[in-house]
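Please read the structure below before turning to the comments.
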Amino acid sequence: MSSVSHAQQRHLSKAKRIGLRNKSITSISLFSRKQIDDLLALAASLEPYRDGVINLLPTKLMATLFFEPSTRTRLSFEAAMNRLGGMVISEATALISSSAAKEESLEDSIRVLSEYANIIVLRHHDAETAERATQAASVPVISGGFGDKEHPTQALLDLYTIYRTLKKIDGSRVTIASPDLTKARTGHSLALALARYQSEITLVSPSAARTPDYVIKSLAGTHFKEVTDPSPPQYASIIQSSDIVYLPGCRVPKGDASRDIFRKLSEQYLISLDMLEKAKKNGKMVYLMHCLPRFPGEMDLTIDRTPHAIYFKQAGYGVPLRMALLLAILC
Ligand code: CP
């Protein structure tokens with residue numbers, strides 16, 4: 001340890017105390033409130049290195065294995081590992097350019113990657129298959145999004161964004177709204193994460209596309225409310241009384257007819273600049289988060305140029321947060 005500076009030693013000691021060494025991360029529910037708080041604190045102390053390198057994991061190699069497209073999750077994990085002085089190997093289009101295209105099982109791919117890398121970040125379209133394959137790994141696996149179910153590291157960076165914006169998470173009023181909360185894996189994980197805090201959580205969706213029961217059940221006993229099929233004035237009022245409005249993104253259905261129906265429904269969940277500005281005139285600042293990517297029907301794009309928009313900063317916070325997580329698992 002003689003070649004490790006005091007600053008490096010401080011980060012390593014903090015990371016070790018979190019208690020995530022060699023753990024796989026498949027759900028936000030695996031974290032205690034204390035572990036999340038400690039991870040956010042570690043992310044804050046690593047944030048200055050977002051634009052540099054701190055050699056904390058120089059011998060560790062991370063493999064990313066993505067069966068679905070990604071800009072933020074894969075590249076921010078890779079940025080995080082590089083900023084920690086580690087190494088990266090990457091399979092960004094596993095369905096077409098890995099041996100999955102030759103019908104290799106995900107379990108076998110994971111077993112093989114375990115021989116090459118110290119940690120694997122996996123995104124897969126089928127949550128059950130991905131969870132089963134994680135069991136076959138001999139190194140930790142981090143979910144980069146499993147099917148429609150969960151996206152735990154997105155929830156961690158979302159909590160970090162709320163903390164950096166409001167300087168608190170307890171007492172925050174967070175609305176998660178979407179024309180489809182059934183498939184909103186980032187919304188599910190964020191709601192489960194906020195359940196660890198004294199936050200007021202409001203889930204807004206059509207009654208035909210509600211949040212899955214396993215998430216709702218986990219919210220029992222929290223400050224939680226579900227609103228379905230809100231009228232336009234009711235929707236505006238919920239938005240305007242929130243500290244944070246979180247859009248968990250939607251998968252627009254394929255096929256012209258389904259697409260048109262979905263777009264019509266989406267109009268009822270659109271966030272307009274007018275809604276946010278009216279709240280501001282009444283002394284209430286509402287911040288808008290989005291896990292991205294977004295489609296134009298979700299929000300008024302002029303919001304981008306206002307202080308309400310925190311979604312690009314949110315994407316940026318993925319780097320220090322994922323640095324903290326990699327360090328806590330690999331330290
Ligand atoms: N937020 C998120 O998961 O984005 P990507 O799909 O680009 O990784």
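For ligands, and for the atoms within them, numbers begin at 1 and follow the listed sequence.
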- Given the side-chain rings of His11 and Tyr49, with only the six-membered ring counted for Trp, is the space between their centroids under 6.0 Å? yes
- Output yes when a side-chain donor or acceptor of Thr161 lies under 3.5 Å from a complementary backbone atom of Leu157, and no otherwise. yes
- Query: What protein heavy atom is closest to atom 4 (O) of ligand 1, reported as residue, atom name and distance in Å?
  - Reply: Arg72 NE, 3.0 Å
- Under 4.0 Å from any heavy atom of His151, which atoms of ligand 1 are there? 3 (O)
- Geometric N/O contact Arg74 with ligand 1, under 3.5 angstrom: no
- Message: If we set the cut-off at 4.0 Å for heavy atoms, which region of Leu292 has an atom near ligand 1: side chain, backbone, both, or neither?
- Response: backbone
- Task: Return the residue, atom name and 0.1 Å-rounded distance of the protein heavy atom closest to atom 6 (O) of ligand 1.
- Result: Arg123 NH1, 2.9 Å
- Message: Strictly below 4.0 Å, N to O, side chains only: are Asp170 and Arg33 in salt-bridge contact?
- Response: yes
- Salt bridge between Glu128 and Arg132, side-chain N to carboxylate O under 4.0 Å? no
- Give the atoms of ligand 1, by number and element, whose distance to some non-hydrogen atom of Gln154 is under 4.0 Å. 1 (N), 2 (C), 3 (O)
- Message: For ligand 1, which is the ligand I care about here, please tell me if Pro293 has any N or O atom under 3.5 Å from one of the ligand's N or O atoms.
- Response: no
- His188 and Tyr214 aromatic ring geometry - parallel, tilted or perpendicular at 30°/60° bounds: perpendicular
- With heavy atoms only and a cut-off of under 4.0 Å, state how Glu68 meets ligand 1: side chain, backbone, both or neither. neither
- Message: Using the rule given for salt bridge (Lys or Arg N to Asp or Glu O under 4.0 Å), can you reason through Asp256 versus Arg263, listing the C-alpha separation, both sets of side-chain angles and the distance that settles it, and then say yes or no?
- Response: CA-CA 10 Å; Asp256 287 346; Arg263 284 199 191 285; over 6 Å; no
- Message: Check this for me: Tyr116, atom OH, are more than 12 non-hydrogen atoms of other residues, nucleotides or ligands nearer than 6.0 Å?
- Response: no
- Message: Just to confirm my output: which protein heavy-atom neighbour is closest to atom 7 (O) of ligand 1, and how far is it?
- Response: Thr71 N, 2.7 Å
